[in-house]
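The figures here come from the full heavy-atom set of this structure, side chains too, leaving out hydrogens, waters and symmetry mates. Chain A is the first sequence line, chain B the second, and so forth, proteins listed ahead of strands; every chain is numbered from 1.
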Amino acid sequence: MVEFDLAKFEEEAHERWNHVFDSNPSDREKFYLTVAYPYPSGAMHVGHGRTYIVPDVLARFWRMRGKQVLFPMAFHVTGAPVVGISKRIARGDEKTIRLYRDLYRVPQNVLDSFTDPLTIVRHFAAEYQRVMTSCGLSIDWRRRFITVDPTYSKFIEWQWKHLYEADHVIKGAHPVRYCTVDENPVGDHDLLEGDKAEVVKFTLVMFHHGDAFIPTATLRPETIHGVTNLWANPCVTYVKALVDGKAWIVSRDAAEKLSLQDHTVEIREEIKGSDLIDKKVTHPLCGEVPILPADFVDPDMASGVVMSVPAHAPFDYIALRDLQEQGNYCQIRPIPLIKVEGYGEIPAKEAVEKAGIKSQMDSRMDCLTQEIYSAEFSKGKLFEKYGGKPVRVARDEVAAMMIEKYDSKVMYEFDLRPVICRCGNKVKVKILHDQWFLKYSDQEWKQQVKVQLKDMSLVPAEVRAEFDRTVDWLKDWACTRRVGLGTRFPWDTTQLIEPLSDSTIYMAYYTIAHRIREMDSRHLTPEVFDYIFLGKKSPDLPEKKKLDAMREEFLYWYPYNFRFSAKDLISNHLTFQIFHHVTIFPKDKLPLGMVVFGMGLLNGAKMSSSKGNVFLLEEAVEEFGADTVRMFLMGSAEPWQDFDWRNELVISTKKQIERFYNTVMEIKDAGGEPHDIDRWLISRLQSHIARTTEAIENFQTRQALQEAYFGIETDLKWYRRRLPGNSDGSRELHTLCSVWTRLLSPFIPFTGEHLWKELAGEGLVSFAPWPVADDRYVNPKIELAEELLCRTVEDIESIRKLIQITPKSITISLAPEWKWEVFSLIAKSEDRNTAIKEIMKHDSMKKRGREATDAAKQCTTLIHRLPPQVVGPLSREPVNERAVFENAQAFLEQEFGVPVHITDAESSCHMKAGTALPFKPAIIIE
RNA sequence: GCGAGGGUAGCCAAGCCAGGUCAAAGGCGCUAGGUUGAGGGCCUAGUCUCGUAGGAGUUCUUGGGUUCGAAUCCCAUCCCUCGCACCA
């Protein structure tokens with residue numbers, strides 16, 4: 001007998017699987033599943049493992065069910081991150097190098113070549129393919145491509161032509177992070193600091209000062225009515241500049257920023273901050289107010305001047321108070337304008353005093369500010385005299401009104417500072433023109449997507465709400481970039497198509513990927529793709545034969561049946577792809593279903609490559625074996641749930657596989673004659689087959705394993721316990737082994753192949769027929785009898801444990817026939833509460849009196865406790881309990897090591913005998 | 001803040017949609033016993049409280065409600081996780 005050795009099984013299987021999963025159109029029904037292709041910028045960890053193993057299990061399952069299965073894979077290499085990585089490696093960034101050298105185990109000579117971004121993705125794409133193969137993924141690798149292949153770019157260009165013609169691509173302006181030294185937009189990877197900072201939209205409230213404007217930047221324009229003063233920093237140098245031909249007074253930093261945001265700016269003169277103090281300014285909505293000094297005003301924050309609303313802003317309140325305590329500006333009073341539940345007249349004052357804050361520098365000030373802003377935004381209402389509207393409504397209305405009537409402008413600025421480019425310069429916000437958008441805001445387009453969503457099957461069902469909401473919420477998407485790898489944007493070749501936008505219909509490309517490779521990319525005009533995907537004929541198509549073959553593949557495979565992807569992609573990729581599909585493809589080629597994954601944890605903490613909290617998939621496979629990794633990942637949680645990788649649990653998974661293997665090897669050649677217990681085993685097996693099948697059809701890998709592994713194992717344990725001492729089991733066990741191996745082989749294909757060779761001799765289990773539950777083998781009577789026996793054995797055990805005497809004999813006393821009548825009447829009755837009354841109306845029961853009522857009550861309790869699948873048959877037909885126990889007498893005596901007697905309760909004089917109920921005989925241990 | 005999901009025994013986790021099969025599957029950990037004995041062994045039993053007869057009592061975040069009956073349905077509450085975009 002071959003010892004359990006996963007490494008050996010893996011080697012054997014890989015040899016036999018060479019190219020067997022390559023899949024071509026055939027006369028069988030197809031099943032096409034795709035999973036989000038990886039961005040290969042680093043090594044695979046066990047979290048990735050799950051993402052690709054789930055579809056593989058499904059692919060293997062449907063293949064065994066006789067479908068023509070397509071499971072392809074490609075690599076997404078477009079985008080910016082890898083460009084940043086290569087730059088960091090080139091300049092010797094320690095952190096990056098450590099990650100790649102130590103965690104991802106890239107040899108030094110390879111690492112040296114990583115200064116070229118394409119080399120990085122090519123290296124890891126090869127790694128991915130190698131590790132995926134080692135995990136046993138049944139992928140058709142002929143169809144592999146990467147997203148910078150020239151043929152793929154042609155395909156993307158074709159797609160965009162259609163989007164453009166459908167009016168979904170528009171040009172606009174967009175604020176971006178921008179470095180004025182590099183003269184380039186700044187991506188995440190180019191930042192030294194401030195990667196959390198977001199661009200927010202400030203309203204510039206324009207105060208008049210002589211012939212000039214003093215713009216103050218605010219997020220709360222509705223508070224204009226409560227302005228008591230402005231704040232300027234006396235230590236800062238301001239400038240007077242002509243902005244779009246009109247004089248503005250702003251900080252020097254602000255002047256430069258404004259020039260990046262669609263304003264012409266000419267600086268005319270410098271003004272010391274101290275010269276502004278005590279000057280008066282006016283605004284039509286709040287009248288005349290003074291400018292007061294404040295150190296906290298940051299010249300790098302928007303315009304460098306802010307308006308002060310001491311009633312509602314803690315910073316303003318406390319700054320004003322400080323000045324007043326020195327005896328200045330005592331005539332200024334906070335002007336409240338917002339009523340908010342939970343606060344009195346002047347919320348800022350109240351909050352500051354309640355918290356006992358003494359100084360502007362108090363670290364709690366930010367929290368406090370946040371708290372008041374939130375409360376006012378969510379629950380606040382303007383006073384009646386200012387319109388009485390809720391703050392969240394008034395904010396936008398006031399801003400719009402001030403822009404229209406009072407010269408206000410919008411200014412973009414970061415919500416956090418500093419934001420520093422890796423060149424060391426401060427990053428600013430620039431409004432970029434020539435920015436292209438996908439018009440996801442288009443209501444009609446949204447509507448088409450919604451219609452399609454309705455027809456799609458979504459797993460798990462709960463995510464439907466999230467999809468619906470995402471469609472409603474999507475705004476225009478900036479779809480072109482200036483840095484990174486990717487396909488050139490057709491209408492502006494200085495820009496690239498953004499990586500999420502080039503990954504929306506590539507599932508269609510898989511169907512032709514292995515054939516289009518043979519074509520010259522220069523021949524791949526839009527007309528060619530129109531023919532392949534849409535069947536549109538045009539003259540002079542090149543290499544018509546090849547095109548026809550591709551058209552045939554596409555028609556056969558498309559649409560895909562299921563797409564698998566991570567949960568966090570719902571709000572972009574998974575939804576985008578529906579948008580693009582509905583535009584380009586006809587109804588019968590639109591996606592059919594999606595499965596959304598949960599995320600991976602490592603020992604309870606979120607897996608993250610950047611934090612080093614990952615376990616590499618390759619290491620896992622080496623240490624525990626591919627089948628172990630697969631079975632653990634599939635069995636520890638359902639695909640859409642989060643799973644937690646813990647080594648000690650993985651170890652026990654390996655033991656389970658070993659136990660399965662050893663059991664099959666032990667019992668497969670048993671040759672005994674079948675008994676009743678064999679019929680029981682095979683009967684039970686049918687429901688395990690049915691339930692496993694149903695679970696996998698519903699993507700419940702965990703449920704399926706529970707059923708296919710533990711369900712059958714538990715039965716087998718009971719079976720072997722029930723066998724007479726001298727028996728190894730019957731030849732039925734061979735059937736069971738064959739079924740069992742096939743049920744588990746999608747999960748543990750390597751062990752599966754090895755066992756299948758032992759069992760069947762030839763052929764691959766990967767293509768063996770999936771077991772089908774056969775009703776002819778289902779025997780409810782025998783299952784019920786065994787259930788009765790098993791329950792009785794459990795009862796005997798629990799009594800024996802409790803009384804702790806050494807028993808000399810066991811008597812099983814069976815309930816009389818009239819109790820079966822009672823049982824059946826109660827079980828059948830609609831209302832089990834009134835059933836007792838009904839029963840007592842019968843004369844035969846009346847004469848038993850109290851005894852009958854008690855029995856009825858006990859039966860009611862029992863019926864509630866028994867599973868419905870037991871109660872149902874019992875109510876129709878009593879079990880011949882005597883036969884069950886007499887057949888099992890030898891077994892019982894062997895189990896308990898004492899003589900076992902079977903009696904009728906009615907003829908017994910033992911006081912316990914009266915407690916006998918149907919399906920629950922009285923047990924007397926003496 | 002907005003949107004989606006979730007809180008079950010020492011831990012992980014099933015059950016909840018279709019209320020009585022629920023003191024609540026399975027696993028891990030722990031405890032005891034067995035295994036004539038190496039190897040991240042294997043097997044059996046126990047693991048809320050009480051109980052010398054298969055039982056009873058109190059549990060499923062918290063507080064209410066509906067019901068003969070609630071882990072499951074309704075309302076409220078507290079806490080947690082994820083997404084909120086130009087980033088794959």
Side-chain angles (χ1 to χ4, degrees), chain A residues 36 38-39 41 76 78-82 174-177 185 187-189 195 198-199 373-375 377-378 392 435 437-438 440 460-470 472-481 484 498-501 503 566-573 598-599 601 604 606 624 635-638 640-644 646-656 658-659 662 702-703 705-706 709-711 714 717 791-792 794-805 831-833 860-861 863-871 912 915 920-925:
Chain A
Y39 184 78
S41 64
H76 188 212
T78 38
V82 81
H174 184 64
V176 294
R177 290 187 295 226
D188 265 341
H189 53 280
D195 57 330
E198 284 180 45
V199 174
Y373 279 25
S374 301
F377 181 69
S378 54
R392 66 172 72 211
Q435 175 65 55
F437 292 87
L438 280 163
Y440 292 141
E462 298 89 69
V463 299
R464 185 170 293 279
E466 214 170 330
F467 272 105
D468 285 338
R469 206 204 123 264
T470 300
D472 284 334
W473 159 88
L474 270 178
K475 300 184 204 94
D476 294 344
W477 176 265
C479 62
T480 55
R481 288 301 119 82
E498 176 274 334
L500 283 181
S501 304
S503 306
K567 194 179 182 162
D568 49 350
L569 264 52
I570 293 176
S571 64
N572 47 57
H573 166 75
M599 49 170 203
L601 306 176
K606 200 192 282 186
F624 302 105
S636 65
E638 300 295 6
W640 45 89
Q641 297 172 323
D642 298 346
F643 75 93
D644 192 3
R646 289 179 195 262
N647 276 4
E648 68 269 22
L649 300 188
V650 181
I651 289 166
S652 69
T653 303
K654 184 169 185 177
K655 286 184 216 158
Q656 285 160 3
E658 182 166 7
R659 213 156 66 218
N662 289 336
R702 176 197 161 96
Q703 179 68 34
L705 267 174
Q706 206 83 327
Y709 184 87
F710 296 104
T714 307
K717 263 188 204 166
R791 282 170 179 271
T792 308
E794 276 171 17
D795 279 352
I796 294 173
E797 277 171 349
S798 72
I799 296 169
R800 207 178 48 161
K801 235 166 267 155
L802 209 60
I803 57 174
Q804 293 184 340
I805 58 166
D831 182 354
R832 285 170 187 170
N833 301 300
T860 311
T861 316
I863 285 165
H864 275 153
R865 286 201 179 156
L866 291 172
Q869 62 267 30
V870 168
V871 174
K912 294 272 178 225
T915 62
K920 196 170 177 62
I923 295 159
I924 301 149
I925 301 179

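Taking atom P in both B:U8 and B:C73, the straight-line distance is 16 Å, to the nearest Å. Going from the P atom of B:A53 to that of B:U62 covers 33 Å, rounded to whole Å. Taking atom C1' on both nucleotides, B:G19 is separated from B:G34 by 44 Å, rounded to a whole Å. Between B:C17 and B:G5, the distance separating the two C1' atoms is 15 Å to the nearest Å. Nucleotides B:G55 and B:G46 place their P atoms 14 Å apart, quoted to the nearest Å. Taking atom C1' in both B:A24 and B:A71, one finds a spacing of 8 Å when rounded to whole Å. A gap of 23 Å separates the C1' atoms of B:A14 and B:U58, to the nearest Å. For the P atoms, the distance linking B:C11 with B:C48 amounts to 13 Å, nearest Å.
Searching all strands for a Watson-Crick or G-U wobble partner of B:A25 with both distances below 3.5 Å returns nothing. When both distances must be under 3.5 Å, the Watson-Crick or G-U wobble mate of B:U72 does not exist. Nucleotide B:U61 forms a pair with no other nucleotide shown, judged by Watson-Crick or G-U wobble geometry with both contacts under 3.5 Å. In this entry B:U44 has B:A32 as its Watson-Crick or G-U wobble partner, both defining distances falling under 3.5 Å. Here B:C2 sits opposite B:G83 as a Watson-Crick or G-U wobble pair (both hydrogen-bonding atom distances under 3.5 Å). Across all strands shown, B:A18 has no partner, as no Watson-Crick or G-U wobble contact with both distances under 3.5 Å is found.
Closest contact between the side chain of A:Ala80 and the listed nucleotides B:C87, B:A88, B:G54 involves B:A88. With B:A85, B:C82, B:G27 as the candidates, the nucleotide lying closest to the side chain of A:Met599 is B:C82. Minimum atom distance to the side chain of A:Gln706 is reached by B:A25, of the listed B:A88, B:C82, B:A25. Closest to the side chain of A:Thr915, from the set B:G54, B:A88, B:U81, is B:G54. Side-chain proximity of A:Leu474 to the nucleotides B:A14, B:G40, B:A85 is greatest for B:A85. Taking every side-chain heavy atom of A:Arg865 into account, B:G55 is the closest of B:C84, B:G55, B:U44. Taking only side-chain atoms of A:Arg177, from C-beta outward, the nucleotide of B:C87, B:A88, B:A4 with the closest atom is B:C87. When distances run from any side-chain atom of A:Pro499 to the nucleotides B:A88, B:G54, B:G83, the shortest one goes to B:A88. Nearest nucleotide to the side chain of A:Ile923, out of B:G54, B:A85, B:A53: B:G54. With distances taken from any side-chain atom of A:Arg659 to the nucleotides B:C43, B:A88, B:G27, the minimum falls on B:C43.
Atom NE2 in A:His864 sits roughly 14 Å away from atom P in B:C68 (whole-Å rounding). Per the geometry, CD belonging to A:Gln703 stands 8 Å off C1' belonging to B:A14, to the nearest Å. Taking atom CD of A:Glu462 as the reference point, atom P of B:C16 lies 12 Å away to the nearest angstrom. Counting to the nearest Å, the P atom of B:A14 and the CG atom of A:Asp644 are 13 Å from each other. Rounded to an integer number of Å, the gap from CD of A:Glu466 to P of B:U81 is 16 Å. The nearest whole Å value for the distance from the CZ atom in A:Arg791 to the C1' atom in B:U21 is 8 Å. Atom C1' of nucleotide B:A85 and atom CG of A:Leu500 are separated by 9 Å, given to the nearest angstrom. Rounded to whole Å, atom C1' of B:C42 lies 14 Å from atom CD of A:Gln656.
Rounding to the nearest 0.5 Å gives a distance of 7.0 Å between NE2 of A:His76 and CG of A:Leu500. Interatomic distance, A:Asp642 CG to A:Lys567 NZ, rounded to the nearest 0.5 Å: 7.0 Å.
Checking the phosphate oxygens (OP1, OP2) of B:A14, a side-chain nitrogen or oxygen of A:Gln641 falls inside 4.0 Å. Residue A:Lys801 places at least one side-chain N or O closer than 4.0 Å to OP1 or OP2 of B:G46. For the OP1/OP2 pair of B:G41 and a distance below 4.0 Å, the side-chain nitrogens and oxygens of A:Lys655 include at least one atom meeting the criterion.
Although no hydrogens or angles enter the test, the distance criterion places a donor-acceptor pair under 3.5 Å between the side chain of A:Tyr709 and the main chain of A:Gln656. In this structure, the side chain of A:Gln706 does not engage the main chain of A:Gly711 through any donor-acceptor pair within 3.5 Å. In this structure, A:Glu638 contributes its side chain and A:Trp640 its backbone to no donor-acceptor pair below 3.5 Å. No donor-acceptor pair under 3.5 Å is formed between the side chain of A:His573 and the backbone N or O of A:Ala566.
Using a 4.0 Å heavy-atom distance criterion, A:Ile570 is classed as making no nucleic acid contact. Within 4.0 Å (heavy atoms only), A:Asn572 reaches at least one base atom of the nucleic acid. In this structure, A:His76 reaches the sugar-phosphate backbone alone: every heavy-atom distance under 4.0 Å involves primed, P, OP1 or OP2 atoms, never a base. Among the atoms of the strands shown, only primed sugar atoms or phosphate atoms (P, OP1, OP2) are found under 4.0 Å from some heavy atom of A:Leu649. Residue contacts for A:Ala637: at a heavy-atom cut-off of 4.0 Å it reaches no nucleic acid atom on any strand shown. Nucleic acid contact class of A:Pro921 (heavy atoms, under 4.0 Å, all strands): base.
Within the 4.5 Å cutoff, side-chain heavy atoms of A:Lys920 are placed close to those of A:Asp795. Contact annotation: the side chain of A:Leu438 approaches that of A:Ser501 to within less than 4.5 Å [non-hydrogen atoms, C-beta and beyond].
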**Request:** Give the C-alpha distance, both sets of side-chain angles, the deciding distance and a yes or no for side chain to side chain contact (heavy atoms under 4.5 Å, CB included) between A:Thr653 and A:Phe624.
**Result:** CA-CA 9 Å; A:Thr653 303; A:Phe624 302 105; over 6 Å; no

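Projected onto RNA chain B by closest heavy-atom contact, A:Lys717 and A:Glu794 fall at different nucleotides, the more 5' of which corresponds to A:Lys717. Between A:Val463 and A:Glu648, it is A:Val463 whose nearest contact on RNA chain B lies nearer the 5' terminus.
Residue-to-nucleotide contacts include no donor-acceptor pair under 3.5 Å from the side chain of A:Ser571 to the base of B:G3.
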